Amino acid sequence: MREKRRGGWRGALAALCAAAVLLGMGGSAMAASAERTVIPIGKAVGIKLFSDGVLVVGFSEIPTEAGQAQPAKDCGLQTGDVITHINSEEVDTIEQVQALLQDLEGERMSIRCMRGERQLQMTAQAAKCASDGSYKLGAWIRDSMAGIGTVTYYDPQTGAFGALGHGISDVDTAQLMPLQSGGIMGAQVVDVTKGERGAPGVLHGAFRTGMDIGVLGANTPSGVFGTLWDDGLAQGQQPVPVAHPSQVELGEAEILSNISGDDVEPYTVQITRLFSADDEDTRDLMLCVTDPRLLETTGGIVQGMSGSPILQNGRLVGAVTHVLLDDPTAGYGIFAENMLSAGE
């Protein structure tokens with residue numbers, strides 16, 4: 001089903017571990033980075049995001065007494081547009097849009113939307129559907145997303161957390177979802193679909209819907225960020241320094257991941273390639289899973305493991321972000337420093 005309604009859990013965040021799937025500083029800056037410490041987490045949580053406006057993800061024809069109508073497409077709307085207002089009314093949910101269309105009863109209306117960084121305004125007229133008598137625009141829209149992801153770090157001094165290492169993007173349009181509100185809740189991993197060549201695996205989780213443990217504050221290309229209300233995810237764990245990209249080395253490292261129940265375990269990996277820290281892409285490093293336990297259980301990197309912290313030489317060096325479609329044992333990660341910078 002393409003339509004996502006607020007409060008529902010239909011569909012995973014397909015980009016949580018997205019062929020790959022979504023899945024030069026001076027000495028003083030390096031010293032400041034070395035002094036920064038956070039607690040690496042690696043715990044799977046439920047993530048819910050409600051959009052700022054409603055995202056257009058597709059179009060359909062409406063059967064009317066005069067024939068087929070496509071008012072949304074005819075007025076100039078495109079997939080990826082975010083509708084923010086109908087006439088003077090702000091809209092953030094599918095239900096708000098539907099109610100306004102019925103109230104207007106086919107009268108001409110103004111639609112305000114965002115297309116990338118541009119604000120556009122257009123005029124449309126909803127069509128009366130011959131089959132049920134309701135007024136429709138002929139647009140599939142989405143107002144929320146939810147699924148499993150991994151918390152990368154927690155800062156006990158500020159309560160801030162970062163997760164995923166990449167943004168939450170709409171599965172149909174690949175557009176970064178504009179955040180109005182959202183949160184994280186407790187979750188338990190109940191099953192794993194093992195990854196295979198050409199078919200990424202996935203973690204399946206049970207959400208503790210009555211246990212919100214934090215609030216989202218930002219959805220960025222480098223991760224989702226917010227504040228934890230409950231620091232239980234970090235209980236008993238010690239802060240570690242955040243590595244500057246120049247401190248990251250090729251060779252052995254480990255990731256912290258939660259692939260069963262509530263247990264977070266370290267797994268060995270090899271960092272096989274480093275990329276320029278100045279690249280805009282969040283693929284800052286390449287890694288390969290070498291731990292036989294993880295390979296046996298998951299086949300390597302699977303959806304839901306995005307955000308798993310990468311540790312090397314006692315430092316947090318990055319987070320897992322993507323898995324390679326043609327090789328589930330390998331994937332990409334973002335440098336921890338870049339992720340924290342985005343969170344700030």
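Because the structure is a prediction, the values reported are computed rather than measured.
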Could you check whether any side-chain heavy atom of Cys113 comes within less than 4.5 Å of a side-chain heavy atom of Met122, counting everything from C-beta outward? yes
Tell me whether Phe50 is reachable from Trp229 by hopping between hydrophobic residues (I, L, V, M, F, W, Y) whose side-chain heavy atoms are closer than 4.5 Å. no
Does CD in Glu344 sit with more than 12 non-hydrogen atoms of other residues, nucleotides or ligands closer than 6.0 Å? yes
Here the gap from Arg293 atom CZ to Tyr267 atom OH, rounded to the nearest 0.5 Å, amounts to 5.5 Å
Taking C-beta and beyond as the side chain, do Met185 and Arg208 meet within less than 4.5 Å on heavy atoms? no
Are the side chains of Thr297 and Ser260 in touch, meaning some heavy atoms are under 4.5 Å apart? no
Using the six-membered ring wherever Trp is involved, compare the ring planes of His322 and His166 and label them parallel, tilted or perpendicular (cut-offs 30° and 60°). tilted
For the backbone of Ala44 and the side chain of Asn258, can you confirm whether one donor and one acceptor N or O come within less than 3.5 Å of each other? yes
Is there a path of hydrophobic side-chain contacts, each under 4.5 Å between heavy atoms of I/L/V/M/F/W/Y residues, joining Leu176 to Val224? no
How far apart are the closest heavy atoms of Leu55 and Gly80, and which atoms are they? CD1-O, 3.5 Å
Among Val240, Val242, Val38, find the residue that satisfies the side-chain contact (heavy atoms from CB on, under 4.5 Å) test when tested with Tyr153. Val38
Side-chain heavy atoms nearer than 4.5 Å, only ILVMFWY residues, links allowed to pass through others: does that put Ile184 and Val190 together? no
Applying side-chain contact (heavy atoms from CB on, under 4.5 Å) to Ile47 and Leu216, what does each step give before you reach the verdict? CA-CA 9 Å; Ile47 301 176; Leu216 294 185; 4.1 Å; yes
Check: Gly138 main-chain N/O paired with Glu61 side-chain donor or acceptor under 3.5 Å: no
List the atom of Cys129, the atom of Lys136, and the distance in Å for their closest heavy-atom pair. SG-NZ, 4.0 Å
Minimum heavy-atom separation for Gln125 and Pro71, please, with both atom names. O-CB, 3.2 Å
Is it true that a side-chain atom of Thr150 and a backbone atom of Gly304 form a donor plus acceptor pair closer than 3.5 Å? yes
Leu101 and Met109: side-chain contact (heavy atoms from CB on, under 4.5 Å), yes or no, with the steps? CA-CA 9 Å; Leu101 295 184; Met109 59 187 169; 3.4 Å; yes
Determine the minimum heavy-atom distance between Ala69 and Thr64, stating which atoms define it. CB-CG2, 4.0 Å
Could you state whether Val215 and Phe207 fall into the same hydrophobic cluster, counting links through intermediate Ile, Leu, Val, Met, Phe, Trp or Tyr residues with side-chain heavy atoms under 4.5 angstrom apart? no
Side-chain heavy atoms under 4.5 Å apart, restricted to Ile/Leu/Val/Met/Phe/Trp/Tyr: what other residues fall into the cluster of Ile62, or is it alone? none
Can you tell which of Leu49, Asp92, Val54 makes a side-chain contact (heavy atoms from CB on, under 4.5 Å) with Asp143? Val54
Does NZ belonging to Lys194 count more than 12 external heavy atoms closer than 6.0 Å? yes
Does a side-chain heavy-atom distance below 4.5 Å link Ile255 with Met305? yes
Nearest 0.5 Å, please: how far is CE in Met177 from CD1 in Ile168? 8.5 Å
Evaluation steps, side-chain contact (heavy atoms from CB on, under 4.5 Å), between Ser51 and Arg142: CA-CA 8 Å; Ser51 64; Arg142 180 167 291 136; over 6 Å; no
Tell me, which pairs form a side-chain hydrogen bond (donor to acceptor under 3.5 Å, both in side chains) where one or both residues lie in residues 71-84, sequence neighbours left out? Asp81-Arg115
Below 4.5 Å, heavy atoms only, C-beta onward: do Lys48 and Ser144 meet side chain to side chain? no
In this structure, would Leu250 and Val269 fall into the same cluster of hydrophobic residues linked by side-chain contacts under 4.5 Å? yes
In terms of heavy-atom contacts, Val264 and Gly42 come closest through CG2-O, 3.6 Å
Any sub-3.5 Å donor-acceptor pair from Arg197's side-chain atoms to Asp326's backbone N or O? yes
Answer yes or no: is there a side-chain heavy-atom contact under 4.5 Å between Asn87 and Leu100? no
For Glu65, is the CD atom crowded, meaning more than 12 foreign heavy atoms sit under 6.0 Å from it? no
Rounded to the nearest 0.5 Å, what separates atom CD in Gln247 from atom CZ in Phe335? 11.0 Å
Can you check whether Ser222 reaches Asn338 side chain to side chain, under 4.5 Å on heavy atoms? no
CZ-CD1 distance between Phe59 and Ile141, expressed to the nearest 0.5 angstrom: 11.5 Å
Glu196 atom CD, neighbour heavy-atom count above 12 within 6.0 Å: no
Using 0.5 Å steps for rounding, measure from the OG1 atom of Thr152 to the CZ atom of Phe161. 10.0 Å
Give the minimum heavy-atom separation between Leu274 and Ile271, together with the two atoms involved. CD2-CG2, 3.8 Å
If you define the side chain from C-beta out and look only at heavy atoms, does anything of Val323 sit under 4.5 Å from Val302? no
Would Asp262 and Lys43 satisfy side-chain contact (heavy atoms from CB on, under 4.5 Å), going step by step from the backbone distance to the final call? CA-CA 7 Å; Asp262 292 309; Lys43 181 72 176 69; 3.6 Å; yes
Rounded to the nearest 0.5 Å, how far apart are CG of Leu137 and OG of Ser60? 9.5 Å
